[in-house]
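The structure under discussion appears below in the form of structure tokens.
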Amino acid sequence: MFKEELSLVPHLPGSYQMYDKNDIVIYVGKAKDLKNRLSSYFTGRVTGKTKRLVSEIVYFKYIVTNTENEAFILELNLIKKYDPKYNILLRDDKSYPYIEYIRKPYPKLKIVRYLNVKKAKDRRLFGPFPNQYAARRIVNLINRLYPLKKCEGNPKELCLYYHIKECLGYCTKAVAHEEIDNMESEIISFLRGNDTLIKKKIMDKIEYHSEQMNYEIALELKQELDYMSMILARQKVELTDLVDRDIINYYVESGYISINIFFIRHGKLLGNKNEIFPIMEEYIDEIEYFIGLFYTKNELPNEIIVNEELDREVLGDVLKTKVLHVQKGNKKKLLEMAKTNAKISLQNQFETIKKDESRTIDANEELRKLLGLEKLYRIDVYDNSNLFGEYSVSGMVVFKDGHPSKNDYRKFKISLEKNDDYNTMKEVLYRRYYRMLMEKTERPDLIILDGGENQINAAREVLESLNLDIKMVGLKKNSKHRTNDLVDQDLNVIPLDRTSNLFHYLTRIQDEVHRFTINYHRAIRSKGSIQSVLDNIEGLGEKRRKALIKKFGSLKAIKNASVDEISELIPENIAINLKNYLDSMDH
């Protein structure tokens, strides 16, 4: 296989790209020696996902580079460009939350996620925090202890936060720089690991509220102090140099890699990340690729410590930060501890991983064979929702290799005013696949419709009009409104074994598209309801209506708000009329 093509490949570094029969890049890799690496796919023994990859390769291309570093950078860029389906690492992974301190125009603290972390003069990031709950609790505590700006926008009058001494009134008056500097210094000192001042502040507040017999508030603060002490105790590591560093190690067994990263900031262990994935090529290359991709989404520390099997010089050049090997001392102990965590995670989760493969990948393969498909990687699934004949919507969810691909989900607001499933399905599918053709985006291997013959007929008409040959099936329900069979595009009924992995797989797919579509429908109805009520209030133009919807989000929230709170956005007389109107709706 590819004997002639392989004979022409040079023994040089570079990046290679595997293509399928539709001229789509399905895998991108890098190699120190392109000829040896490419030959290993077609002349050696391959198993698992690699075997599936090889079965789909129709041809390959490669780009020769001067150095392995250049090959690494090229590989990362091509993966970002093509998002190949067999480059599975971090596909649906999000960046970790950070705590961001903003100085200008007003001092503020919040939780952020940046896919491309950028540092700015008046913004400082602290993290990452693998435990989002802990990060949010820290921000809430600091906001409670310090008078930072907490409200949105710029109110013209002093708000509640000012009156309860949790804000300095930044929106309405000038605040001395010295006051902000002192507060900022204490907050940053704490976020860097010095908890002495914060603990003293909490103890002072507990004492004050206890003397005032505000025992509930004192108890809340005591609970915050206990939680903070617990978190800080877990973060203790035997390093005193306060360098921001990540420590990365891994464990390989049974065709899987488990990678563990410790995040150490200012001498504190903030937490760790563990990732387990199947081996597609040389495991060292897989790990280096994982590290390179991970830091495109997360802030780089000053130093990264890695296992000596990894090429620290290549990683350092690519990441533009210091990458080290260590031989002894506390850093070596932490590196070994990272490997121990990676091993424990893989051994604890291995059975779950295999079970998940049976429930998803194996069930997906069973569906492929049942429908006679050559391959089944991407499935587009559709559902319509038009409860009570209002606000017709549709949802599309996507499953790739048996798992939800939430970045590919899509919502459709329907232009039809009447409840018409047939024409709703026609509209949605035409919009979706006409755009796919125009933009040359990824095609599905299968379309699943949450409905029977009626939906199939609508879909077939659209696909024929677009000259698309895509397999489709419908999920047919029985008299009890439970899915019982599949209906193919020729309206043949395919019975399902209700005890099989395939049936439960299709049920999960159906539940997911139904959940997604219903949630969208409820959101549309909610916005429609609040909009229609606000339309009835004299003096509420489009700008004021939008401001109310943005701040309160629902009629119930507006009704529960005081006239003063509503008057922050609209004139007081209109606020009174709005409150009176909402109250009258209950009578």
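These values consider heavy atoms only, across backbone and side chains, with no hydrogens, waters or symmetry-generated copies. Small disclaimer: the values here were computed from a predicted structure and weren't measured.
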Side chain proximity check, Asp285 to Arg37, heavy atoms < 4.5 angstrom: yes
Considering all heavy atoms of both residues, which atom of Asp490 and which atom of Arg460 are nearest to each other, and what is their separation? CA-NH1, 4.1 Å
Test item: side-chain donor near acceptor, Tyr283 and Glu309, under 3.5 Å: yes
Applying side chain to side chain donor-acceptor pair (under 3.5 Å), which residue pairs with at least one partner in residues 339-353 are found, sequence neighbours left out? none
State the CD1-CD1 distance between Ile509 and Ile379, to the nearest 0.5 angstrom. 4.5 Å
Do Tyr520 and Asp383 touch side chain to side chain, with heavy atoms closer than 4.5 Å? no
Give a yes or no answer on whether the side chain of Asn307 reaches the backbone of Asn249 with a donor-acceptor pair at less than 3.5 Å. no
Are Lys369 and Glu366 within salt-bridge range, i.e. N to O under 4.0 Å? no
Side-chain contact test, heavy atoms from C-beta onward, threshold under 4.5 Å: evaluate it for Leu486 versus Leu506 and give yes or no. yes
Residues 1-28 vs side chain to side chain donor-acceptor pair (under 3.5 Å), sequence neighbours excluded, gives His11-Asp33, Tyr16-Tyr41, Lys21-Glu374, Asp23-Tyr59, Tyr27-Glu281
For the pair Asn87 (side chain) and Val28 (backbone), establish whether a donor and an acceptor sit closer than 3.5 Å, ignoring hydrogens and angles. yes
Report all side-chain donor-acceptor pairs from residues 68-79 shorter than 3.5 Å, counting only partners two or more places apart or in another chain.
| from | atom 1 | to | atom 2 | distance (Å) |
| --- | --- | --- | --- | --- |
| Asn69 | ND2 | Asp317 | OD2 | 2.7 |
| Glu70 | OE1 | Asn66 | N | 3.0 |
| Asn77 | ND2 | Ile73 | O | 3.3 |

Please check if the number of heavy atoms outside His403 that lie under 6.0 Å from its NE2 is greater than 12. yes
Rounded to the nearest 0.5 angstrom, the CE-OG1 distance for Met436 and Thr441 is 6.0 Å
Asp401 vs Arg52 side-chain heavy atoms within contact, under 4.5 Å: yes
Nearest 0.5 Å, what's the OG-CG distance between Ser500 and Leu370? 9.5 Å
So, do Thr360 and Arg508 sit near enough that their side-chain heavy atoms are less than 4.5 Å apart? yes
Please check if the number of heavy atoms outside Lys411 that lie under 6.0 Å from its NZ is greater than 12. no
Between Ser258 and Asn274 the two heavy atoms that sit nearest each other are OG-ND2, 3.1 Å
Carefully, step by step, assess Leu466 and Tyr430 under the rule side-chain contact (heavy atoms from CB on, under 4.5 Å). CA-CA 8 Å; Leu466 294 173; Tyr430 185 83; 3.6 Å; yes
In Å and rounded to the nearest 0.5 Å, what is the CD to CG distance from Glu365 to Leu376? 8.0 Å
When every non-hydrogen atom of Ile257 is compared with those of Glu286, the smallest separation belongs to CD1-CB, 3.7 Å
Which atom of Pro97 lies closest to which atom of Ile111, heavy atoms considered: CB-CG2, 3.8 Å
Between Lys426 and Asp421, does any NZ, NE, NH1 or NH2 come within less than 4.0 Å of an OD or OE carboxylate oxygen? no
Take Asp408 and Lys400 through the side-chain contact (heavy atoms from CB on, under 4.5 Å) test and state the conclusion after the steps. CA-CA 10 Å; Asp408 295 303; Lys400 291 183 176 179; 3.1 Å; yes
With a 6.0 Å cut-off (strictly less than), is the heavy-atom count around CD of Glu453, excluding the residue itself, greater than 12? yes
After noting the C-alpha distance and the side-chain angles of Ile26 and Leu53, does the key distance pass the side-chain contact (heavy atoms from CB on, under 4.5 Å) rule? CA-CA 8 Å; Ile26 57 176; Leu53 162 66; 3.8 Å; yes
Do other residues, nucleotides or ligands put more than 12 heavy atoms under 6.0 Å from the CG atom of Asn492? yes
Hey, are the side chains of Val306 and His325 touching, using non-hydrogen atoms and a 4.5 Å cut-off? yes
Please check if the side chain of Glu303 supplies one atom and the backbone of Arg245 the other of a donor-acceptor pair under 3.5 Å. no
Apply the side chain to side chain contact (heavy atoms under 4.5 Å, CB included) test between Leu449 and each candidate in Ile456, Val381, Asn454; give the one that qualifies. Ile456
Under 3.5 Å, is there a donor-acceptor pair between the side chain of Lys322 and the main chain of Gly316? no
Apply the test side-chain contact (heavy atoms from CB on, under 4.5 Å) to residues Tyr295 and Thr321: give CA-CA distance (whole Å), side-chain angles for both, the deciding distance (0.1 Å), then the verdict. CA-CA 11 Å; Tyr295 288 110; Thr321 196; over 6 Å; no
Could you tell me whether Glu336 and Lys333 have a side-chain N and a carboxylate O separated by less than 4.0 Å? no
Nearest-0.5 Å distance that lies between atom CZ in Arg410 and atom CZ in Arg432: 7.0 Å
Would you please test Glu282 and Lys32 for salt bridge (charged side-chain N to carboxylate O under 4.0 Å, His left out) and show each step? CA-CA 11 Å; Glu282 294 291 332; Lys32 296 177 183 177; over 6 Å; no
Looking at Lys332, I want to see if its NZ is surrounded by more than 12 non-hydrogen atoms of other residues, nucleotides or ligands under 6.0 Å. yes
Side-chain donor-acceptor pair present, Tyr382, Gln455, cut-off under 3.5 Å: no
Counting only heavy atoms not in Tyr434 (residues, nucleotides, ligands), do more than 12 fall under 6.0 Å from its OH? no
If we only count heavy atoms from C-beta on, is the Glu275 to Phe294 side-chain gap below 4.5 Å? no
Minimum-distance pair of heavy atoms, taken over all atoms of Val64 and Leu12: CG1-CD1, 3.8 Å
Hey, is the main chain of Pro301 close enough, under 3.5 Å, to the side chain of Asp244 for a donor-acceptor pair? no
Separation between CG (Leu38) and OH (Tyr62), nearest 0.5 Å, reads 8.5 Å
If you look at every heavy atom in Phe503 and Asp497, which pair is closest and at what distance? CB-O, 3.1 Å
Report, as yes or no, whether the 6.0 Å neighbourhood of atom CZ on Arg515 holds more than 12 heavy atoms from other residues, nucleotides or ligands. yes
Would you say Asp380 and Tyr433 make side-chain contact, with heavy atoms under 4.5 Å? yes
For Thr67, is there any backbone N or O sitting under 3.5 Å from a side-chain donor or acceptor partner on Thr65? yes
Taking everything shown except Arg378 itself, do over 12 heavy atoms lie less than 6.0 Å from its CZ? yes
